[in-house]
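Take a look at the structure set out below.
Worth knowing before you read on, the calculation uses all heavy atoms, side chains too, and leaves out hydrogens, waters and symmetry mates. Throughout, a chain's letter reflects where its sequence line sits, starting with A, and its residues are numbered from 1.
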Amino acid sequence: MSETSSSLTLPDPKPQRTRFSGTLYRGNEGMWSWVLHRITGVAIYFFLLVHVLDTSLIRVSPEAYNAVMESYKNPIMGLGEVALVGAVVLHAMNGLRIILVDVWPWATRHQRLLFWIVMGVVVALMLYFTPNHLVNVFSPTEGGE
Amino acid sequence: MAESEQKNENSAGFEREAETGDPAAQADAAVEATTADAESAMSSSGTSAAPVDSAAEAADRPVEAAPVEVPESFTVTLIVRRYDPEVDDEPRWVDYDVQMYQTERILDALHRIKWEQDPSLAFRRSCAHGVCGSDAMRINGKNRLACKALVKDFDISKPIYVEAIKGLPLEKDLIVDMEPFFDSFREIQPFLQASGKPEKERHQTIAQRERFDDTTKCILCAACTTSCPVFWTDGQYFGPAAIVNAHRFIFDSRDEASQVRLDILNDREGVWRCRTTFNCTDACPRGIQVTKAIAEVKQAMLTGVKL
């Protein structure tokens with residue numbers, strides 16, 4: 001910033017982070033909703049992988065299944081479930097938005113408004129879900145027996 | 001004037017060009033302004049117009065008393081991402097301080113660097129008025145035409161970052177290899193295909209022309225295609241510009257090869273790669289509703305072309 005180059009003395013090159021680094025592209029709501037959609041999509045995919053495995057365990061041995069289910073009943077998993085539900089809700093609501101944007105010209109023109117509606121709906125649903133869920137996770141009567 | 005400067009980037013671009021492009025209009029506006037306004041607007045000149053009651057009176061004033069607006073220059077720091085394939089292994093950021101005026105554009109800043117500071121700076125430009133589409137570049141993280149990006153639209157208390165558009169092979173400094181981009185353009189057959197010879201000309205109603213009017217504005221600057229996150233990671237994707245130009249002929253009532261183009265774009269790397277991020281619509285210097293055009297091509301594939 002401070003140094004100024006002239007035709008005689010070129011400024012020293014600045015250290016470069018990586019080969020492809022440049023500034024981050026400053027997209028608008030559409031781009032960030034796409035980024036969120038990708039991240040939540042991949043996260044949900046990995047959850048489903050684990051979910052299929054632990055559910056199929058019941059065919060192998062009901063005792064093993066119960067043991068695994070019991071190990072899920074702790075606060076860390078409880079908080080993880082909040083993140084999971086958040087990801088699923090976001091992915092679902094934004095998915096509906098993308099369908100609308102593709103098939104309905106009005107939605108194509110008002111995608112920005114729709115993005116904030118999606119965010120509002122997600123926040124509203126999570127405000128309802130999170131307290132109810134956390135009460136279940138942290139209540140002593142529910143967890144033990 | 002202060003109010004108009006608050007307007008949002010896109011819509012204000014044209015107005016400002018008109019506003020600042022005409023010094024006579026500016027002088028008129030200054031005469032009409034109140035004394036206080038005039039004083040603040042022309043603080044640099046040190047003179048202020050005496051208040052008058054009528055336009056006639058104002059016109060009769062001696063010429064010397066008329067305020068002469070002295071344009072005030074200010075320092076703008078540009079950080080340009082330079083790359084010389086013969087010297088550098090990878091691109092590097094270089095700072096330049098340039099004296100700029102309110103009415104100038106990023107292209108003027110680049111010219112000033114090239115002509116006065118460092119002649120080795122390489123960039124493309126031709127018409128310099130937003131028509132040829134040569135100088136698309138990433139300015140502060142957004143694709144813009146350097147010749148349409150006004151300096152006063154940027155926060156000049158911070159440096160302005162200028163780099164080449166993303167996703168096409170970098171050749172030197174701000175110049176990229178546009179061939180992959182034009183290959184996609186050629187592939188969608190961007191020319192009128194009509195059989196039979198009309199008596200005089202091929203007739204079209206105003207409504208039929210209106211149907212594809214938006215997509216005729218494309219200047220092939222590649223700002224849209226290189227703003228697309230899908231294109232960055234998948235160079236095979238046709239990209240918004242090619243689809244926009246296909247749209248221009250698909251919805252042209254005179255053209256007979258719409259289905260051919262739809263078949264070309266109904267490809268793995270065709271319109272279905274579009275994830276509706278709307279970066280292209282934001283980047284288009286001509287204000288084309290790019291994502292809307294792509295959505296219409298998608299619909300045409302599902303339900304047929306509705307002219």
Side-chain angles (χ1 to χ4, degrees), chain A residues 1-42 91 93-119, chain B residues 75 77 79 81-82 87-98 113 115-121 138-143 158-159 161-167 170 226-230 232 271-272 274-283 289 291-296 298-299 302-303:
Chain A
M1 258 160 270
S2 53
E3 58 189 4
T4 310
S5 69
S6 73
S7 54
L8 295 175
T9 54
L10 283 173
D12 292 333
K14 295 233 158 165
Q16 195 61 36
R17 280 163 299 170
T18 66
R19 189 172 179 83
F20 296 102
S21 85
T23 59
L24 184 68
Y25 196 88
R26 303 222 189 127
N28 295 111
E29 288 87 346
M31 176 172 146
W32 295 114
S33 80
W34 171 77
V35 169
L36 284 173
H37 206 75
R38 269 288 150 93
I39 293 171
T40 53
V42 171
H91 200 82
M93 293 300 146
N94 196 43
L96 292 177
R97 171 183 160 275
I98 292 171
I99 293 170
L100 286 180
V101 164
D102 264 343
V103 300
W104 187 22
W106 183 90
T108 315
R109 268 179 279 123
H110 296 87
Q111 53 94 16
R112 203 164 286 190
L113 169 71
L114 279 175
F115 173 77
W116 291 110
I117 291 175
V118 162
M119 286 325 230
Chain B
T75 307
T77 305
I79 305 188
R81 195 157 181 251
R82 306 277 319 257
V87 181
D88 302 319
D89 290 330
E90 49 191 52
R92 60 204 162 85
W93 291 101
V94 183
D95 308 10
Y96 300 94
D97 285 335
V98 226
I113 295 169
W115 294 339
E116 294 165 15
Q117 298 185 26
D118 185 349
S120 70
L121 179 68
R138 196 146 42 119
I139 303 169
N140 272 359
K142 288 182 174 189
N143 283 359
K158 295 189 195 118
Y161 291 82
V162 180
E163 62 200 298
I165 44 180
K166 194 171 172 172
L170 185 60
T226 57
S227 75
C228 178
V230 180
W232 298 336
V271 285
W272 307 112
C274 169
R275 296 290 186 272
T276 61
T277 69
F278 287 89
N279 275 8
C280 48
T281 306
D282 176 63
Q289 298 297 307
T291 317
K292 182 168 157 273
I294 298 174
E296 283 173 6
K298 284 175 183 169
Q299 282 302 303
L302 298 174
T303 59

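- When atom types are taken as modelled, the side chain of A:Y25 and the backbone of B:C228 share no donor-acceptor pair closer than 3.5 angstrom.
- To the nearest 0.5 angstrom, A:N28 atom CG is 9.5 Å from B:T277 atom OG1.
- Between B:K298 and A:D102, the shortest heavy-atom distance links the atoms NZ-OD1, 2.8 Å.
- Nearest heavy-atom pair, B:N140 versus A:R26, reported as atom, atom and distance to 0.1 Å: O-NH1, 3.6 Å.
- The OG1 atom of B:T291 lies 13.5 Å from the CZ atom of A:R109; values are rounded to the nearest 0.5 Å.
- Options B:L302, B:T276, B:N143, B:T303 differ in how many heavy-atom pairs under 4.5 Å they form with chain A, and the most are formed by B:N143.
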Check step by step if side chain to side chain contact (heavy atoms under 4.5 Å, CB included) holds for B:F278 and A:V101. CA-CA 10 Å; B:F278 287 89; A:V101 164; 3.7 Å; yes
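- Within the 4.5 angstrom heavy-atom criterion, no atom of A:V35 approaches chain B.
- Chain A forms the most heavy-atom pairs under 4.5 Å with one residue out of B:R275, B:Q289, B:E296, and that residue is B:R275.
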